Novice: 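Here it is, the structure in full.
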Amino acid sequence: MSERRKPLISGNWKMNHNHFEAIQTVQKLSYQLTRDDYDAVDVSVHPPFTNLRSVQTVLEADDIPVALGAQHCHWEDKGAFTGEVSPPMLAKLNVRYVIAGHSERRDLFDETDEMVNRKVRAILAAGMTPIMCVGEHLEEREDGTAEQRVSSQVEAGLADVSPEQVAGMVIAYEPIWAIGTGRTATPEDAQAMSATIREVVRRSKGADSAGSVRIQYGGSVKPTNAGELMGQPDIDGALVGGASLDPDNFSRIVQFRHTT
Ligand code: 13P
């Protein structure tokens with residue numbers, strides 16, 4: 001693919017903002033973003049489940065071209081899974097992107113590569129786009145096994161996903177030591193791991209998938225570092241946590257092209 005992939009900048013709100021705060025946040029965000037921004041960058045927001053309906057209503061009523069995203073789902077369509085939410089339920093709310101395998105879910109709720117793979121396939125089957133997260137712990141970076149860890153997460157997460165489906169997906173590289181810590185991977189390190197991820201996709205799914213899949217960087221992305229990270233050839237977007245809660249900060253990240 002010779003054309004540059006359109007960046008996707010996603011705000012993962014994690015367990016923050018009730019539905020009133022969520023409505024205010026997307027409205028304020030929409031005052032900051034312009035048609036040029038939406039032409040240059042795809043934008044998604046990922047509020048907690050309790051806010052999805054409210055945010056969907058605001059986005060649709062005010063015609064705001066921000067995509068609705070979710071942070072998690074189960075892989076089954078329905079059944080006895082107390083507390084869980086299914087992909088078809090999210091699709092019914094016009095959710096476009098669903099995060100799968102965020103490191104907080106892997107580490108705090110014991111999500112395995114196999115569970116992440118089941119979710120990725122279920123999200124695709126429901127017609128939505130997975131944002132599949134991968135990333136190494138600090139010890140893995142320090143003992144030189146980071147690439148191995150991330151490569152195996154990519155391979156396992158994409159098992160039995162067709163090359164065409166992978167081409168439309170998003171993979172987020174989020175080094176765990178950079179999440180919420182204020183520590184960001186250097187643009188060079190983030191680029192190197194993104195290139196590794198693309199190479200794993202090329203080997204397992206072919207050159208077309210590797211050329212089209214979008215790779216986001218996540219981990220302490222801020223208005224001040226977004227431009228440099230996004231300037232790397234294999235980084236096609238950002239998955240933003242803390243800085244996405246504030247519409248001023250998040251809009252400045254979306255407008256990263258003005259700072260490069
Ligand atoms: P921070 O931007 O707060 O480091 O969070 C990153 C993240 O986990 C996004 O999914």
Side-chain angles (χ1 to χ4, degrees), residues 7-17 21-22 25 29 41-49 51-52 55 66-73 90 95-109 111 116 119-120 123 128-138 140-141 146 149-150 153-154 157 169-187 189-190 193-194 197 214-230 232 235-256 259:
L8 169 66
I9 303 216
S10 305
N12 173 11
W13 293 357
K14 308 190 180 185
M15 198 169 71
N16 294 290
H17 286 340
E21 295 161 335
T25 303
L29 181 65
V41 178
D42 288 334
V43 182
S44 66
V45 289
H46 299 246
F49 285 138
N51 308 352
L52 285 174
V55 173
V66 167
L68 186 59
Q71 301 175 15
H72 163 66
C73 65
L90 297 176
V95 166
R96 179 114 40 101
Y97 298 97
V98 186
I99 297 170
H102 191 281
S103 60
E104 285 149 20
R105 303 240 25 121
R106 292 178 188 261
D107 285 355
L108 304 175
F109 303 102
E111 276 188 14
V116 174
K119 295 206 289 183
V120 164
I123 293 162
M128 299 177 292
T129 300
I131 298 179
M132 186 180 84
C133 300
V134 296
E136 79 282 2
H137 286 102
L138 185 59
E140 291 161 327
R141 171 136 301 251
R149 176 82 191 110
V150 169
Q153 286 177 327
V154 173
M169 274 183 58
V170 182
I171 299 176
Y173 168 55
E174 297 207 304
I176 294 161
W177 46 271
I179 296 178
T181 58
R183 278 183 72 178
T184 319
T186 64
D189 284 344
M193 191 64 89
S194 302
I197 292 170
R214 289 194 282 188
I215 301 178
Q216 293 179 318
Y217 168 79
S220 299
V221 175
K222 301 183 273 287
T224 47
N225 61 22
E228 217 185 343
L229 287 159
M230 297 291 300
Q232 305 302 314
I235 298 180
D236 311 311
L239 184 53
V240 186
S244 74
L245 297 172
D246 174 61
D248 290 329
N249 278 331
F250 190 54
S251 60
R252 282 164 62 213
I253 293 172
V254 171
Q255 293 162 339
F256 71 90
T259 61

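As the structure lists them, so they are numbered: ligands from 1, and atoms in each ligand from 1. All values reported here derive from a predicted model rather than from experimental measurement.
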Novice: Under 3.5 Å, is there a donor-acceptor pair linking the side chains of S10 and S44?
Specialist: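 On atom types as modelled, these side chains qualify, holding a pair under 3.5 Å.
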Novice: Quick test of your reading of the structure: of K222, H102, Q216, E104, whose heavy atom lies closest to atom 8 (O) of ligand 1?
Specialist: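 That would be H102.
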Novice: For K119 and H72, which I'm curious about, is there any donor-acceptor pair between the side chains at under 3.5 Å?
Specialist: yes
Novice: Is there at least one pair of N or O atoms, one from G241 and one from ligand 1, spaced under 3.5 Å apart?
Specialist: yes
Novice: Near G242, which atoms of ligand 1 are under 4.0 Å from a heavy atom of that residue?
Specialist: 1 (P), 2 (O), 3 (O)
Novice: Please determine whether any non-hydrogen atom of A178 lies less than 4.0 Å from an atom of ligand 1.
Specialist: yes
Novice: Output yes when a side-chain donor or acceptor of N225 lies under 3.5 Å from a complementary backbone atom of K222, and no otherwise.
Specialist: yes
Novice: Under 4.0 Å from a heavy atom of N12: give me the atoms of ligand 1 that qualify, with their elements.
Specialist: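 The list of qualifying atoms is 9 (C), 10 (O).
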Novice: Report yes or no: do H102 and Q71 form a side-chain donor-acceptor pair below 3.5 Å?
Specialist: no
Novice: Indicate yes or no: does E136 engage R149 in a salt bridge with an N to O separation below 4.0 Å.
Specialist: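 No.
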Novice: Is the shortest distance from a Lys or Arg side-chain nitrogen in E111 or R106 to a carboxylate oxygen in the other one below 4.0 Å?
Specialist: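 No, E111 and R106 are not salt-bridged.
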Novice: Are any of the N or O atoms of A243 closer than 3.5 Å to those of ligand 1?
Specialist: no
Novice: Give the residue and atom name of whichever protein heavy atom lies nearest to atom 7 (C) of ligand 1, and the separation in Å to one decimal.
Specialist: E174 OE2, 3.1 Å
Novice: Does the N or O separation between G218 and ligand 1 drop below 3.5 Å for any pair?
Specialist: no
Novice: Enumerate the atoms of ligand 1 whose separation from the nearest heavy atom of S220 is less than 4.0 angstrom.
Specialist: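 So the answer, numbered in order with elements, is 1 (P), 2 (O), 4 (O).
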Novice: Does the side chain of I176 come within less than 4.5 Å of E104's, by heavy atoms?
Specialist: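 Side-chain contact under 4.5 Å: no.
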Novice: Answer whether the closest heavy-atom distance between the side chains of V221 and L229 falls below 4.5 Å.
Specialist: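 Yes, at least one pair of side-chain atoms sits under 4.5 Å.
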Novice: Please determine whether any non-hydrogen atom of G219 lies less than 4.0 Å from an atom of ligand 1.
Specialist: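 True for this residue.
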Novice: Got the closest protein heavy atom to atom 5 (O) of ligand 1, with its distance?
Specialist: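 Of the protein heavy atoms, K14 NZ, 3.2 Å lies nearest.
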